[in-house]
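All values derive from a computational prediction rather than experimental measurement. Reckoned from all heavy atoms, side chains included, excluding hydrogens, waters and symmetry mates. Quick note on labels: first sequence line is chain A, next is B, and so on, each numbered from 1.
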Amino acid sequence: MPIRLHNSFTRQLEDLRPIVAGKVTMYNCGPTVYSSPHIGNFRSFLFADVLRRFLEDQGYEVTQVMNITDVGHLTLDDVEGGEDKMEAESKRTGRTAWDIAKQYTEEFQTCQEQLNVRLPHHMPRATDFIEQMGEIIEDLLKKGVAYEVNGNVYFEVGKFPAYGKLSGKVLDELEAGARVAVNKEKKDPRDFALWKVDDQHQMQWDGPFTGGQRGFPGWHIECSAMSMHYLGRSIDIHTGGEDNVFPHHECEIAQTEAHTGERFVGIWMHARHLLVDNTKMSKSLGNFFTVSDILAKGYTGIELRYALTRVQYRQSLNFTLHGLDEARKAIARVAEARKRLVRIREGEERAGGDDLKDVIQAAHDNFTASMQDDLNVSEALAATFDFVAACNKSEASVDGAKQALLAFARFEDVLAVFGDEPVASDAPPELVALLAKRKVAKASKDWATADQIRDEIGAAGWKIVDAAAGARLEKA
RNA sequence: GGUCGCGUAGCCAAGUGGUUAGGCAACGGAUUGCAAAUCCGUGUACCCCGGUUCGAAUCCGGGCGCGACCUCCA
């Protein structure tokens, strides 16, 4: 069974057919580092991470590139005025744009670790690729699909007939002046900037193309440059949030394909936006969360990851704090089942005779089929929970437990929402001794002593679990 | 206005012409000296109205409601 993925470009599910058999090249639109990344950003990044993990699970050699946008992302208020997000934040805080970019890049990387993200192979910064952007601009100027006015360089959309195909926009509909002041420099209001002249800009470079003046690059050109640098002219998969479809990805296609004459991307994939309490996340509504906001409330990275991953990427996901509580319980259910299997494997709990072979096979098959179906994580989780129930009901043999744990390890490898394999028991010896004393007390019906010992163990941060198979200690 | 998506049991959420998705909660049971924890069991739900069909929550048409995008945004 091939992996089927939804291609935004064709609006259809398509079999993944990499350019080079067995290898997948993937580019993910990454963060703009002018403020703390929020959980909505991470829904997209986690989607990319799960995609990469599943491709690797399926035996593909993946090369993953995620850019860090540290320049040239123009603000709405000032789209044609030349100020970008980094500059705006700099003005607001009185710090340099370079400082701001550095701080938030580091914060982004910390969040990735907290959320159990497998790091992309390359995470290039736009500011390190000015020269490569210049090469593309130079070529587009030479080909006559870009033009220069007062030092500013624009891509001439009218020269690229396929413009609008990804987003489904008809050119005529992109009317001038709808939401943005008309820029008289442009031949056509739809034309977009490749290079902006601005000698006030903190981040400025000599124009990296013939006759180029000092300034900074437009937003879209960075992804074309970095994608081509690391992955070549044509790549298999390009991901981003749904808001990237237009204009960002539309512009990427235009400038890249006008430059190379080849198809830029095989499959475009876009993650639906996250909603919080059924409405768009925004600072003014008070439903805006960064990763650290959630961690500060006492939730773990993995709980947040579960909550952000559990719904398929193309469905809108409604994030709530209640959802985090549910995630915590669901994760615990999986952990409990794994713990029991570990105890059986380690000989700490009596093993049965069931090798769980059929159950394990069904779990693997269902999990794989779900993920192959355009990364249907909800179904893959259902397969996992069915497996939990089956394991709990079984009288697993030592080998059965061992194999079942390997299956759980695989599901964790792909989704990374359950955590590492739990340890059977690592209680300190003195507490184990106390537990033995309690057993004696209980046998002689000395409840006072037994309860006292339970309190002592509780005070040490552990709890006694009286199960049918005998009492054991677990971290409270 | 244009484009697109959604409406599933208390909540979250898969599925998509005939077979119990799953999670959380709730309820019942097992276990226990009591408790905690855990495990097992229990839900016949698909916005409304027409149509197609032997059969529709699933397809078609209409309606109502919600949301997203339309050069800030993952």
Side-chain angles (χ1 to χ4, degrees), chain A residues 8 11 28-32 34-35 37-48 73-80 84-85 88 167-170 172-175 178-180 189-193 219-220 239-248 250-251 270-275 278-282 306-307 310-320 322-323 325-334 336-337 339-340 366 370 373 376-389 392-393 442 445-447 450-451 454 458 463-469 471-472 474 476:
Chain A
S8 307
R11 294 166 180 73
N28 315 124
C29 273
T32 306
Y34 63 97
S35 67
H38 56 71
I39 57 174
N41 299 124
F42 272 97
R43 188 200 186 183
S44 293
F45 304 146
L46 289 174
F47 144 62
H73 207 159
L74 303 173
T75 60
L76 177 64
D77 295 340
D78 220 340
V79 168
E80 304 305 341
D84 78 30
K85 286 169 167 292
S167 54
K169 300 203 179 303
V170 180
D172 298 348
E173 283 173 3
L174 299 172
E175 270 311 312
R179 284 177 59 174
V180 182
R190 302 164 307 186
D191 293 348
F192 57 91
W219 170 34
H220 314 303
T239 75
E242 59 175 324
D243 55 288
N244 283 150
V245 173
F246 189 87
H248 186 49
E250 197 71 76
C251 294
H270 294 97
R272 210 62 194 265
H273 274 183
L274 176 78
L275 302 177
N278 268 316
T279 164
K280 193 169 172 169
M281 182 164 63
S282 77
Y306 187 104
R310 60 189 240 274
V311 176
Q312 196 231 16
Y313 73 95
R314 272 196 305 131
Q315 301 296 325
S316 56
L317 163 62
N318 184 29
F319 179 87
T320 59
H322 181 245
D325 293 330
E326 288 187 3
R328 172 171 292 176
K329 295 288 191 61
I331 292 166
R333 179 165 161 77
V334 175
E336 287 297 335
K339 266 188 218 167
R340 174 171 170 262
N366 292 336
S370 302
D373 181 18
N376 192 332
V377 173
S378 297
E379 261 196 352
L381 285 172
T384 306
F385 284 104
D386 284 342
F387 184 49
V388 165
N392 284 341
K393 273 184 268 193
K442 281 182 69 173
K445 296 197 193 296
D446 179 1
W447 309 129
D451 290 352
R454 185 161 68 194
K463 73 177 178 202
I464 296 170
V465 178
D466 284 315
R472 63 174 187 272
E474 286 188 10

Can you give me the N/O atom pairs linking the protein to nucleotides 5-7 of chain B at distances under 3.5 Å, or say none if there are none?
residue : atom : partner : partner atom : Å
B/G5    : O2'  : A/R272  : NH1          : 3.2

N-O pairing of A/R333 and A/E336 below 4.0 Å: no
For A/E242 and A/H270, indicate whether the former's side chain and the latter's backbone hold a donor-acceptor pair under 3.5 Å. no
Give a yes/no on whether any side-chain N or O of A/K280 is located under 4.0 angstrom from OP1 or OP2 of B/G67. no
Considering heavy-atom distances to RNA chain B, does A/A383 or A/R11 have its closest nucleotide positioned more toward the 5' end? A/R11
Nearest to the A/F45 side chain among B/C24, B/A74, B/G15, which nucleotide is it? B/A74
Going by an N to O cut-off under 4.0 Å, is there a salt bridge joining A/D325 and A/R328? no
Under 4.0 Å: is that the gap between some side-chain N or O of A/R328 and OP1 or OP2 of B/C24? no
Minimum-distance nucleotide to A/E336 side chain [options: B/A21, B/A13, B/C39]: B/C39
Applying a 3.5 Å limit to both distances, which nucleotide forms a Watson-Crick or G-U wobble pair with B/C69? B/G2
Sorted by chain and number, sequence neighbours left out, ring pair (Phe, Tyr, Trp, His ring centres under 6.0 Å) with A/F45 holds for A/F42, A/F108
Assigned partner base of B/C24, Watson-Crick or wobble definition, under 3.5 Å: B/G10
Who pairs with B/G17 - Watson-Crick or G-U, where each distance is under 3.5 Å: none
In whole Å, I'd like the distance from the CG atom of A/D325 to the P atom of B/A25. 10 Å
Can you classify the ring geometry of A/Y313 versus A/F47 as parallel (below 30°), tilted (30 to 60°) or perpendicular (above 60°)? parallel
Any strand is fair game: report the nucleotide pairing with B/C34 by Watson-Crick or G-U wobble, both distances under 3.5 Å, or none. none
Mark yes or no for a side-chain to base donor-acceptor pair under 3.5 Å between A/R454 and B/C34, with no hydrogen or angle criteria applied. yes
Between B/A35 and A/D466, counting only base atoms on the nucleotide and side-chain atoms on the residue, is there a donor-acceptor pair under 3.5 Å? yes
Which whole-number value in Å describes the distance from A/H270 NE2 to B/C4 P? 17 Å
Rounded interatomic separation in angstrom, taking CG from A/L317 and P from B/A13: 7 Å
Starting the side chain at C-beta, find the nucleotide from B/A74, B/C11, B/U71 nearest to A/T32. B/A74
Can you tell me the Watson-Crick or wobble partner of B/U52, both distances under 3.5 angstrom? none
Identify the two heavy atoms, one from A/Q312 and one from A/S378, that lie closest to each other, and give their separation to 0.1 Å. N-OG, 4.0 Å
Distance criterion of 3.5 Å, no angle test: do you see the side chain of A/N376 paired donor-to-acceptor with the base of B/G15? no
Just to verify, what does A/N376 make a side chain to side chain donor-acceptor pair (under 3.5 Å) with, not counting sequence neighbours? none
Verify the stacking flag for A/H273 against B/A68: centroid separation must be under 5.5 angstrom and the ring planes must differ by under 30 degrees. no
